[in-house]
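Here is the structure we will look at.
Just so you know, these numbers use all the heavy atoms, side chains as well, and skip hydrogens, waters and symmetry mates.
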Amino acid sequence: MVVLSSSLLSFVFCLLVTIFTSEASTDTEIQVHNTTQNYHYCCDFNHVRGNYTANSTYHTNLNTLLSTLTSNTEIEYGFYNSSQGENTDKVYAIGLCRGDIKPDECRNCLNGSRANLTELCPNQKEAIGWYEDEKCMLRYSDRSILDLMETGPAFYANNMDNATDLDQFNKDVNTLLGNLKNEAALGDSRLKYAVGNTSGPDNKLIYGLVQCTPDLSGSECFDCLSQSIERIPIDCCKDRKGGRVVRPSCNMRFETSFLFYGDTAYVSPTPPSSTTTNTTSEVKSNKATIIAIAIAVPVVVFFAVVLIFFFICIRMRKPGEKFEALTP
Ligand SMILES: *[C@@H]1O[C@H](CO)[C@@H](O)[C@H](O)[C@H]1NC(C)=O
Ligand SMILES: *[C@@H]1O[C@H](CO)[C@@H](O)[C@H](O)[C@H]1NC(C)=O
Ligand SMILES: *[C@@H]1O[C@H](CO)[C@@H](O)[C@H](O)[C@H]1NC(C)=O
Ligand SMILES: *[C@@H]1O[C@H](CO)[C@@H](O)[C@H](O)[C@H]1NC(C)=O
Ligand SMILES: *[C@@H]1O[C@H](CO)[C@@H](O)[C@H](O)[C@H]1NC(C)=O
Ligand SMILES: *[C@@H]1O[C@H](CO)[C@@H](O)[C@H](O)[C@H]1NC(C)=O
Ligand SMILES: *[C@@H]1O[C@H](CO)[C@@H](O)[C@H](O)[C@H]1NC(C)=O
Ligand SMILES: *[C@@H]1O[C@H](CO)[C@@H](O)[C@H](O)[C@H]1NC(C)=O
Ligand SMILES: *[C@@H]1O[C@H](CO)[C@@H](O)[C@H](O)[C@H]1NC(C)=O
């Protein structure tokens, strides 16, 4: 699966979007990377965070942080955040695994990326890497990166093959990803992930996957994915059978006739978000049911109480009267 999909990557952009704002910016610096490996990374792309010196406190903190993060066996939902050190030597890190990746596989992936990233970005205070088709994402920085929606650096990739019946195809892709976006945004603080399929032209199944880092709010997740879906017709993968937009805070991918994800590894204990493409309507109808119940129950109880009081009053005010007729 991984091998197959890696061949689908055609070209890759490392696109710097303004770091501190949550909005996509046109003020971008584009780095072109070849997908020589089945991974993608960006070091301190804008040289804003700077370098640390070898064997400095920062270096030690980074090593400690990454080894703690990649050996954590308590987290089973694929999202890791941690920090280490004090003041200017403090390092922050985030690890995210795709929603279908089991905890042990997730740890292995993060551990591999750790070695890779520190080697590819030597002495850089900030770096981010995605490995094996976004199986995992690892990033670290000298600034706090938790609870922050960041859309850059991003990369886009697509399948070179064109789809058929393009109008219908593009519509289907848009509907599928839009539904998945809604579903993922409803996820909890552990998992914001949705996968699904829809039947496209020629009865070919189109598969979609979206995921946000679960520290985002629902609306941030929605916003991040909206920005990604918007890139499809612009510069990601218009008319293509497959494509992806990958950002620090969210990623999105679709492929035709090609399943590229497994069963969701972690099922959140809170209100289950199902994994079908019809979830928006399901969630809406679930909500409607809950609202209906929430309204109906008190109303019924209220009327029951009123009725009981009514009968009690009748009996008290006109004792016997109503029942006298019944007794001979
Ligand atoms: C990407 O790789 C191809 C050959 O595989 C090469 O021709 C091209 O120059 C490379 N592009 C960059 C930006 O490194
Ligand atoms: C940081 O190190 C890289 C190489 O490791 C170098 O290219 C870059 O100029 C350095 N940046 C600063 C601000 O010293
Ligand atoms: C850092 O420490 C390693 C071994 O702990 C040593 O090999 C290396 O030379 C040191 N680097 C610097 C710049 O001191
Ligand atoms: C993590 O990777 C390193 C090599 O970079 C390896 O020595 C170590 O055993 C790995 N740890 C785990 C828990 O897999
Ligand atoms: C990065 O990881 C890939 C596979 O995960 C490996 O083939 C490659 O050698 C690694 N590169 C570096 C520089 O560590
Ligand atoms: C896909 O369509 C584009 C134009 O829309 C064309 O340039 C490209 O060659 C096509 N790719 C294939 C594999 O047919
Ligand atoms: C981040 O880590 C801190 C401490 O390790 C933890 O208390 C917090 O719940 C984590 N936040 C998320 C969103 O995972
Ligand atoms: C497509 O999605 C439906 C739910 O909408 C699911 O039941 C079915 O198994 C999926 N098909 C494949 C091939 O994944
Ligand atoms: C999805 O919902 C639409 C309307 O809400 C319905 O017509 C369709 O049959 C549903 N598809 C599946 C697979 O449940």
Is [Y] reachable from [X] through a run of hydrophobic residues whose side-chain heavy atoms are each under 4.5 Å from the next?
X      : Y      : value
Leu146 : Leu62  : yes
Leu186 : Phe222 : no
Leu166 : Val173 : no
Ile101 : Tyr77  : no

| field | Check ion pair Glu255-Arg240 (N to O, under 4.0 angstrom) | value |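 No, this pair does not count.
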
| query | Charged N to carboxylate O under 4.0 angstrom, Glu126 versus Arg139? | reply |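 Salt bridge between Glu126 and Arg139, a charged N being under 4.0 Å from a carboxylate O: no.
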
[X] vs [Y] side-chain heavy atoms within contact, under 4.5 Å:
X      : Y      : answer
Asp165 : Asp202 : no
Arg231 : Tyr156 : yes
Thr256 : Phe169 : yes
Leu96  : Pro214 : yes
Leu225 : Cys221 : yes
Lys181 : Ser226 : yes
Asn162 : Lys241 : no
Thr60  : Asn55  : no

When rounded to the nearest 0.5 angstrom, what distance separates [atom1] in [X] from [atom2] in [Y]?
X      : Y      : atom1 : atom2 : answer
Asn123 : Asn51  : CG    : CG    : 6.0 Å
Ile206 : Asn197 : CD1   : CG    : 9.5 Å
Asp172 : Thr198 : CG    : OG1   : 5.5 Å
Phe254 : Asn158 : CZ    : CG    : 8.0 Å
Ile128 : Asp44  : CD1   : CG    : 12.5 Å

| task | Look at the SG atom of Cys250 and the SG atom of Cys224, then say if they are under 2.5 Å from each other. | result |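 Judged by the SG atoms alone, which are under 2.5 Å apart, Cys224 and Cys250 are bridged.
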
Could you pull out the closest heavy-atom pair between [X] and [Y], with the gap in Å?
X      : Y      : result
Ala127 : Cys121 : CB-SG, 3.9 Å
Pro248 : Thr213 : O-CG2, 3.7 Å
Leu138 : Gly95  : CD1-CA, 4.4 Å
Pro103 : Tyr80  : O-OH, 4.4 Å
Leu176 : Gly208 : CD2-N, 3.6 Å
Lys192 : Ala185 : CE-O, 4.0 Å

| Using 30° and 60° as the class limits, which term best fits the ring planes of Trp130 and His40: parallel, tilted or perpendicular? |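 It falls in the tilted class, 30° to 60°.
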
| request: Going by the salt bridge (Lys or Arg N to Asp or Glu O under 4.0 Å) test, name the single residue among Arg244, Arg253, Arg98 that passes it with Glu134. | output: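 Result for salt bridge (Lys or Arg N to Asp or Glu O under 4.0 Å) with Glu134: Arg244.
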
| request: Show your reasoning for whether side-chain contact (heavy atoms from CB on, under 4.5 Å) applies to Asp215 and Ile94. | output: CA-CA 10 Å; Asp215 55 330; Ile94 281 181; 4.2 Å; yes

| query | Given the rule in the side-chain contact (heavy atoms from CB on, under 4.5 Å) test, do Tyr207 and Tyr261 qualify, once you have shown the distances and angles that lead to the verdict? | reply | CA-CA 9 Å; Tyr207 297 94; Tyr261 50 81; 3.3 Å; yes

| task | Show your working on side-chain contact (heavy atoms from CB on, under 4.5 Å) between Ser83 and Lys90 and close with a plain yes or no. | result | CA-CA 7 Å; Ser83 63; Lys90 188 164 182 179; 3.5 Å; yes

| said: Is it true that, when you exclude Asn203 itself, more than 12 heavy atoms of the residues, nucleotides or ligands shown sit nearer than 6.0 Å to its CG? | reply: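 Atom CG in Asn203 is not packed in, count stays at 12 or less.
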
| message | Just to verify, what does Lys125 make a side-chain contact (heavy atoms from CB on, under 4.5 Å) with, not counting sequence neighbours? | response |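 With neighbours one apart ignored, the set is Arg49, Tyr52, Tyr58, Asp142.
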
| request: Might you work through the side-chain contact (heavy atoms from CB on, under 4.5 Å) test for Leu177 and Met252, ending with a clear yes or no? | output: CA-CA 8 Å; Leu177 294 174; Met252 170 218 98; 4.0 Å; yes

| task | Using the side-chain hydrogen bond (donor to acceptor under 3.5 Å, both in side chains) rule, take Arg107 and Ser71 through it: C-alpha gap first, then chi angles, then the decisive distance, then the call. | result | CA-CA 7 Å; Arg107 272 192 302 279; Ser71 60; over 6 Å; no

| request: Evaluate the criterion side-chain hydrogen bond (donor to acceptor under 3.5 Å, both in side chains) for residue pair Asn251 and Ser228; output intermediate values, then yes/no. | output: CA-CA 8 Å; Asn251 60 66; Ser228 298; over 6 Å; no

| Residues Arg143, Tyr92; criterion side-chain hydrogen bond (donor to acceptor under 3.5 Å, both in side chains); working and verdict | CA-CA 7 Å; Arg143 66 196 170 93; Tyr92 302 82; over 6 Å; no

| Main-chain N/O of Asp89 paired with Asn87 side-chain donor or acceptor, under 3.5 Å |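 No; judged by distance alone, with no hydrogens or angles, the pair does not exist.
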
| said: Checking the side chain of Thr53 only, and the main-chain atoms of Ser56 only, is there a donor and an acceptor separated by less than 3.5 Å? | reply: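 No: the side chain of Thr53 does not pair with the backbone of Ser56.
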
| field | Residue of the set Asp100, Leu180, Val210 for which side-chain contact (heavy atoms from CB on, under 4.5 Å) holds with Tyr193 | value |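 Answer to the side-chain contact (heavy atoms from CB on, under 4.5 Å) test with Tyr193 among Asp100, Leu180, Val210: Asp100.
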
| request: Report the residues that fulfil disulfide (SG to SG under 2.5 Å) with Cys109, sequence neighbours left out, ordered by chain and then residue number. | output: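 In terms of disulfide (SG to SG under 2.5 Å), with neighbours along the sequence ignored, Cys109 is linked to Cys136.
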
